[in-house]
Chemist: 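Attaching a single structure in structure tokens format; questions to follow.
Just so you know, these numbers use all the heavy atoms, side chains as well, and skip hydrogens, waters and symmetry mates. Naming: A, B, ... by sequence-line order, numbering from 1 per chain.
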There are 2 protein chains.
Amino acid sequence: MSAVSCTQNVGRPRAFDMNTALEKALEVFWRKGYDGTSLSDLTEAMGINKPSLYAAFGNKEQLFLKAIELYESRPCAFFLPALEKPTAYQVAEHMLYGAATNMTDHSHPQGCVVVQGALSCSEAAATVKEALIRRRLEGQQKLRQRFERAKQEHDLPASVDAETLARYLGTVLQGMAIQANSGATTEQLQQVAQLALQAFPRP
Amino acid sequence: MSAVSCTQNVGRPRAFDMNTALEKALEVFWRKGYDGTSLSDLTEAMGINKPSLYAAFGNKEQLFLKAIELYESRPCAFFLPALEKPTAYQVAEHMLYGAATNMTDHSHPQGCVVVQGALSCSEAAATVKEALIRRRLEGQQKLRQRFERAKQEHDLPASVDAETLARYLGTVLQGMAIQANSGATTEQLQQVAQLALQAFPRP
DNA sequence: CTATTTTTGTACCGAACGGTAAGTTATTTT
DNA sequence: AAAATAACTTACCGTTCGGTACAAAAATAG
């Protein structure tokens with residue numbers, strides 16, 4: 001009558017790896033968006049049947065949200081590492097060039113699933129759309145905080161509005177996602193990044 | 001036996017205005033995207049039945065493409081008028097500030113339907129996605145030509161790469177569509193526009 | 001071994017999808 | 001008035017949608 005079962009290894013073992021399956025689901029959502037992805041698309045890509053999907057991940061909406069979590073926790077993610085750079089300019093630089101590389105990487109769909117996963121969407125997708133908006137705003141908030149720190153460190157002029165600077169950077173990054181989705185190359189986005197940095201205030 | 005019927009006013013007259021109905025369809029596609037919009041959404045908003053829709057507009061895909069045509073031909077469109085401004089800087093300025101105003105106008109859905117109408121989408125939407133990509137590239141091409149003209153007129157330095165400048169502007173405009181779609185205000189986008197202009201080369 | 005637990009494949013659910021056949025209604029032409 | 005034309009309403013088409021009931025299968029626990 002032990003109250004808490006430890007790792008629960010009783011019963012038939014799962015025949016697929018949840019993380020691998022989630023990776024596959026992410027790729028489909030990334031390429032087709034939430035509304036454009038059907039359960040058949042998902043089960044085919046994940047190599048499992050619908051009951052297995054529902055038992056392991058809940059439903060389509062929860063699967064999407066878990067896929068987004070995976071997306072943001074990936075080692076190849078460029079956002080959080082860029083925030084750690086020593087100067088505000090370097091933060092922006094690494095973020096823009098990181099985006100240019102990552103969003104055009106052909107080992108996965110082009111662009112950014114947080115931007116293009118549920119932009120204009122049905123009412124059924126309203127929850128996931130809100131979740132993506134929140135994540136985008138959180139990213140911008142992190143940028144703003146980083147730039148406010150830079151102002152305190154006299155790394156950015158006091159006259160700079162950290163919020164506007166963060167929103168400008170977020171806007172360019174999101175625009176780059178559209179460009180990548182439309183077929184822009186790494187080099188083309190690097191040129192955009194270089195030009196976008198011209199607007200960045202120097203200390 | 002006159003071969004060509006003129007205005008074809010024989011038969012029962014159409015009970016709805018095609019242009020008004022197309023406006024309604026555009027608004028639904030704008031808000032929900034191609035995949036997220038159902039025929040029921042459309043017929044309800046347009047105030048007609050499905051057979052009327054099919055008789056007047058072909059099918060869902062053709063209706064979408066006609067709605068996009070309407071969108072781009074609207075009087076409130078800011079893109080083409082901005083191209084006519086006397087200097088390259090003013091072109092960019094009017095385009096960015098025009099976008100800030102237009103994309104946050106609450107008399108219609110926020111953002112830009114050419115950007116968000118079919119970004120990530122199902123295979124059924126592949127044609128309309130391609131059409132939207134083409135329209136975005138055409139817009140950027142028009143910007144590039146305008147900036148090349150500016151170089152010839154010594155309105156822009158010869159060192160400027162018109163294509164990169166056009167792509168930068170396109171990127172910021174597309175990013176502003178995402179921002180507007182996420183709830184950004186006119187004022188916030190105007191601040192972004194002001195900052196984005198800092199990267200623009202002065203003559 | 002048997003009992004229990006969990007996953008598996010199959011087969012199915014009602015609802016909604018995009019699209020259409022068919023007959024009625026309103027208008028012009030003769 | 002009668003014929004011709006085109007849009008109208010209704011009711012339906014086959015398919016796919018997201019989601020699930022159920023029993024066989026595979027593991028552990030006793």
Chemist: Touch check for A:Ala56, heavy atoms < 4.0 angstrom, all strands: base, sugar-phosphate only, or nothing?
Modeler: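 If one applies the 4.0 Å heavy-atom cut-off, A:Ala56 turns out to touch nothing in the nucleic acid.
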Chemist: Looking only at heavy atoms, what is the nearest atom pair of B:Leu119 and B:Lys129, with distance?
Modeler: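 Closest approach of B:Leu119 to B:Lys129: O-NZ, 3.2 Å.
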Chemist: Roughly how far, to the nearest 0.5 Å, is the CD atom of B:Gln110 from the CG atom of B:Asn102?
Modeler: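 Reported to 0.5 Å precision, the distance equals 10.5 Å.
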Chemist: Under the ring-ring contact (aromatic ring centres under 6.0 Å, His included) rule, collect the residues that match up with A:Phe200, sequence neighbours excluded.
Modeler: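 Counting only residues at least two positions away or on another chain, A:Phe200 forms a ring-ring contact (aromatic ring centres under 6.0 Å, His included) with A:Tyr89, A:Phe147.
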Chemist: Mind listing the residues from residues 20-32 of chain A sitting with a heavy atom below 4.0 Å of DNA chain C? Number order is fine.
Modeler: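 By residue number: none to list.
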Chemist: Any side-chain N or O of A:Ser52 under 4.0 Å from OP1/OP2 of C:dT7?
Modeler: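 Checking A:Ser52 against C:dT7: no side-chain N or O falls below 4.0 Å of OP1 or OP2.
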Chemist: Show me the pairs that pass salt bridge (Lys or Arg N to Asp or Glu O under 4.0 Å) and involve residues 98-125 of chain B, at least two apart or across chains.
Modeler: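 Listed by first then second residue: A:Lys32-B:Glu123.
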Chemist: Where along nucleotides 17-26 of chain D does protein come under 4.0 Å, by heavy atom, of base (B) or sugar-phosphate alone (S), with - for untouched nucleotides?
Modeler: SBBBB---BB
Chemist: Output the rounded distance in Å from CE (B:Met46) to P (C:dG18).
Modeler: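 About 13 Å, once rounded to whole Å.
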Chemist: How many whole angstroms separate atom CG of A:Asn49 from atom P of C:dT7?
Modeler: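 Distance check: A:Asn49 CG to C:dT7 P gives 14 Å.
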Chemist: Residues from residues 121-132 of chain B sitting under 4.0 Å of DNA chain D, heavy atoms only?
Modeler: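 Under 4.0 Å from DNA chain D: no residue of residues 121-132 of chain B.
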Chemist: How about A:Thr171 and A:Gln174: does a side-chain donor come under 3.5 Å of a side-chain acceptor?
Modeler: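 Looking only at side-chain atoms, A:Gln174 and A:Thr171 do not form any donor-acceptor pair under 3.5 Å.
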Chemist: Could you give the CG-to-C1' distance, from B:Leu53 to C:dG18, as a whole number of Å?
Modeler: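 To the nearest whole Å, that distance equals 11 Å.
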Chemist: Taking the inter-plane angle between the rings of A:Phe57 and A:Phe16 on a 0 to 90° scale, is it parallel (under 30°), tilted (30 to 60°) or perpendicular (over 60°)?
Modeler: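 Aromatic pair A:Phe57/A:Phe16 classed tilted.
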Chemist: Salt-bridged, A:Glu163 to A:Arg167, with N to O below 4.0 Å?
Modeler: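 Looking at A:Glu163 and A:Arg167, the cut-off is met.
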Chemist: Return each pair, listed once, that meets salt bridge (Lys or Arg N to Asp or Glu O under 4.0 Å) where at least one residue sits in residues 13-25 of chain B; pairs must be two or more places apart or across chains.
Modeler: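 Every pair satisfying salt bridge (Lys or Arg N to Asp or Glu O under 4.0 Å) with a residue in residues 13-25 of chain B: B:Glu23-B:Arg74.
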Chemist: Is a salt bridge present between A:Glu138 and A:Arg134, judged by a nitrogen-to-oxygen distance below 4.0 Å?
Modeler: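 Looking at A:Arg134 together with A:Glu138, the answer is no, because their closest N to O distance does not fall below 4.0 Å.
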Chemist: Closest approach to the side chain of B:Arg14, judged atom by atom: which nucleotide of C:dT5, D:dA7, C:dG9 is it?
Modeler: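 Output: D:dA7.
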Chemist: With under 30° as parallel and over 60° as perpendicular, where do the rings of B:His108 and B:Trp30 fit, or are they tilted in between?
Modeler: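 Rings of B:His108 and B:Trp30: parallel, under 30°.
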Chemist: Could you verify whether a donor N or O on one side chain and an acceptor N or O on the other, from A:Gln179 and B:Gln140, lie under 3.5 Å apart?
Modeler: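 B:Gln140 and A:Gln179 do have a side-chain donor-acceptor pair below 3.5 Å.
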